[in-house]
Amino acid sequence: MALGGCAAYYAAMVITYKPDAPDARLGYLIPVMLATLTVMILIGFQRKVHRSADSIGSQLKQLKDSDEVGLIEVSDSEELVSVAKPLNEYLLSIRKNMNRLRSENRELQIQARIASAEKHHTEAIIFSISDAVIVTNRFDELLLANDAAEKLLGFQLASAVRKNIDRIVSDGTLVRLIRETRSHGSSFTRKVVEHNIDSKGVPRTFSITLSCIVAPGEEVSGVVAVLHDVTREKDIARMKTDFVSNVSHELKTPLASIKAYVEMLMDDEVEDEATRGEFYEIISTEADRLHRLIENILNISRIESGVVKVVREPVSLPGVVKQVLDVASPQAKLKDLKLVSHLAPIYSQVEADHDMIYQAVMNLVSNAIKYTPKGGQVTVTVGVDELRGVSFCEVSDDGAGISVEELPHIFDKFYRVKANNKLAKGTGLGLTLVKHIVEAVHDGKLSVASTEGDGSTFTFELPNIK
Ligand code: ADP
C-alpha cells in the first residue's frame with residue numbers, strides 16, 4: 001500500500017512538472033528527492049518483508065524441531081499476513097490431527113500394556129499348572145508350553161517355540177490329535193481323549209483335554225492341550241477292584257473252611273477226640289484270621305476318621321516283640337524260616353497303645369514271613385537310641401524285596417506289589433495300618449529299605465518315655 005501511494009505521488013509530480021517554470025532547478029530537485037524517497041521506502045519495505053520472511057522461516061524451523069505444533073506470528077508485516085493465515089490454518093489442522101493421533105497412541109499403549117499384563121497372567125497360570133500344557137497356533141506351531149510339558153515331552157520351550165509340533169513331539173498320536181482338533185474344531189470343540197505316553201521309558205496314561213482357541217467371529221486360531229496324568233487314579237481304581245475281590249476271597253476262604261469243619265463236626269463224621277480237637281483248633285484259627293481282616297479294615301477307617309480310642313501306657317517294645325514272635329514262630333516254622341531276634345533290655349519303655357503296637361509289629365513280622373521264600377531268615381531287632389530319645393524296631397528279611405518303582409506306594413491303601421502276589425494272599429491294608437499306627441497315632445516314624453530279590457528292612461521308631 002505504501003509502495004502504491006509513493007508511485008502515485010511520483011507520477012503526479014512528473015505530470016505537473018514544467019521545466020521552463022520559474023525556479024526550474026528546484027523543479028528538478030523535487031522529482032529526484034521523490035525518487036530517492038521512493039527508493040528508500042522500497043528498500044525499507046523490502047527489509048521489512050525480509051525480516052518477516054526470516055521470522056517465518058525461523059519459526060518454521062523451530063516448529064520442525066519441536067514436538068508441539070505452534071502458530072506463525074507475523075506482527076510487523078501486513079503483506080505476509082495473507083501468507084501466514086492459511087499457513088496457520090494448515091498448522092492448526094496438523095495440530096488437531098497430531099492431538100488425535102497422540103490420544104489414539106496413548107489408548108493403544110494402554111491396550112498394549114493391558115494385553116501384555118494379561119499375557120503374563122495367562123502364562124503364570126499355565127506355568128503354575130502341574131498338568132502338562134501345550135498351546136499351538138493355526139499352523140500347528142508351538143506357542144507356549146509349561147515345565148511339566150517340557151519334562152514329559154522332552155523339549156525346551158526356548159528352542160522349540162514357533163516350530164511345528166511334529167518336529168518337537170515324538171508321540172505321533174498326540175500330534176495327530178492336536179492337528180485334528182485344529183482342522184475340524186470350532187469354538188465349542190473340547191474333547192477328552194485317554195492316551196498312553198512313554199515318560200522316560202515308563203508308560204503312563206494321560207487324560208488329554210483338547211480345546212480350540214477361537215476369537216469371537218473368527219476361525220480356529222490354535223489349540224490348547226492339557227495332559228493330566230491319570231496313571232495313579234487308574235491304578236487306584238484297579239486296586240480297589242482287586243481289593244474287593246481280595247477281601248471277598250480273604251473272607252470266603254476262612255469262612256468256607258470254618259463251614260466245612262463245622263459241618264463235619266455236626267454230622268458226627270469225626271470219631272476220635274484228637275481229630276475233633278484239631279478241627280476245633282482250625283476253626284478257631286480261621287475265625288481269628290477273619291477277625292484280623294475285619295479289624296484291619298475297621299482300624300484304618302477309625303484312625304482315618306479320628307474316632308479311634310487310644311490307651312496310652314508305658315509299653316516295653318522288646319516285650320511286645322517277644323509276644324509277636326511267640327505267635328508268629330509256628331508260621332515261620334511251616335516255611336522253614338529262621339526267626340532271629342536281637343532285643344534291647346526289657347525295661348526300656350515307650351508310651352504307647354499296647355494293642356496297636358502289637359498289631360503293627362505283627363503285621364511287619366507276618367509280612368516278612370509271607371514274602372520270604374522257604375529257607376530264608378527273618379531278623380527282628382529292638383534297640384534304644386538314647387541320644388535321639390527313641391526306641392526302634394527293625395524287621396528285616398532276605399526275601400522277595402520290592403522294586404524301586406513300587407516302594408513309594410506300598411503304604412498306600414490296597415496297594416499290593418504285583419510281583420509278590422504269587423508268594424502270599426493279602427489285601428494291601430497291613431502296611432497302611434502300620435503307618436497309621438506308628439505315625440498318625442504315636443507320632444513315630446516308619447521307613448523301609450528294600451532291594452528287589454534281596455530282601456527288605458522295615459523300621460519304626462517311637463519316642464521314649466522321658
Ligand atoms: P498285603 O496284605 O498284601 O500283605 P501289606 O499292606 O501288608 O498288604 O503290604 C503291601 C505290599 O507290600 C504287599 O502286597 C507286598 O507285596 C509288599 N510287602 C510288604 N512287606 C514285604 C516284605 N517284607 N517283603 C516283600 N514285599 C513286601
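In listed order, ligands and their atoms are each counted from 1.
- Counting only distance, with no hydrogens or angles, the side chain of Asn146 and the backbone of Asp131 share a donor-acceptor pair below 3.5 Å.
- Contact atoms of ligand 1 toward Leu431: 5 (P), 6 (O), 7 (O), 9 (O), 10 (C), 12 (O), 19 (C) (distance under 4.0 Å to a heavy atom of the residue).
- Given atom 8 (O) of ligand 1, the protein heavy atom at minimum distance is Gly428 CA, 3.1 Å.
- When only modelled atom types and interatomic distance are considered, Asn105 and Arg102 share no side-chain donor-acceptor pair under 3.5 Å.
- Under 4.0 Å from ligand 1, the heavy atoms of Leu429 that appear belong solely to its backbone.
- When hydrogens are left out, the protein atom nearest atom 4 (O) of ligand 1 is Tyr371 OH, 2.7 Å; that is the closest non-hydrogen contact.
- Lys370 counts as a contact of ligand 1, since one of its heavy atoms falls under 4.0 Å from the ligand.
- With hydrogens and angles disregarded, a donor-acceptor distance shorter than 3.5 Å links the side chain of His442 to the backbone of Ile437.
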CA sep, side-chain torsions, deciding dist, call: Glu406, Tyr415, side chain to side chain donor-acceptor pair (under 3.5 Å) = CA-CA 9 Å; Glu406 305 212 59; Tyr415 195 89; 2.7 Å; yes

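- The option with the heavy atom closest to atom 24 (N) of ligand 1, from among Ser456, Gly399, Ala400, is Ser456.
- In Arg100, the CZ atom is crowded: over 12 heavy atoms of neighbouring residues, nucleotides or ligands sit closer than 6.0 Å.
- No N or O atom of Gly401 sits closer than 3.5 Å to an N or O atom of ligand 1.
- Electrostatic pairing of Arg388 and Glu461 counts as a salt bridge here, judged by a charged N lying under 4.0 Å from a carboxylate O.
- Of all atoms in ligand 1, listed by their number and element, those nearer than 4.0 Å to a heavy atom of Val417 are 12 (O), 14 (O), 16 (O), 17 (C).
- Each of the following atoms of ligand 1 lies closer than 4.0 Å to a heavy atom of Tyr415: 10 (C), 11 (C).
- Of the heavy atoms in Phe411, none comes closer than 4.0 Å to ligand 1.
- Among all protein heavy atoms, the one lying closest to atom 26 (N) of ligand 1 is Asn420 ND2, 3.1 Å.
- In terms of polar-atom proximity, Ile402 is not counted as a contact of ligand 1, lacking any N or O under 3.5 Å from an N or O of the ligand.
- The shortest contact between atom 3 (O) of ligand 1 and any protein heavy atom is with Arg416 NE, 2.5 Å.
- The nearest protein atom to atom 2 (O) of ligand 1, hydrogens excluded, is given as Thr427 N, 2.8 Å; this is a heavy-atom distance.
- No close placement of the Phe206 and His195 rings is indicated, their centers lying 6.0 Å or farther apart.
- Protein heavy atom nearest atom 7 (O) of ligand 1, with residue, atom name and distance: Asn367 ND2, 2.8 Å.
- For the pair Asp140 and Arg182, the salt-bridge criterion is met [side-chain N within less than 4.0 Å of a carboxylate O].
- When atom types are taken as modelled, the side chain of Asp397 and the backbone of Gly399 share a donor-acceptor pair closer than 3.5 angstrom.
- Interface of Asp397 with ligand 1, defined as ligand atoms under 4.0 Å from a residue heavy atom, comprises 22 (C), 23 (N).
- In this structure, the side chain of Asp385 does not engage the main chain of Gly389 through any donor-acceptor pair within 3.5 Å.
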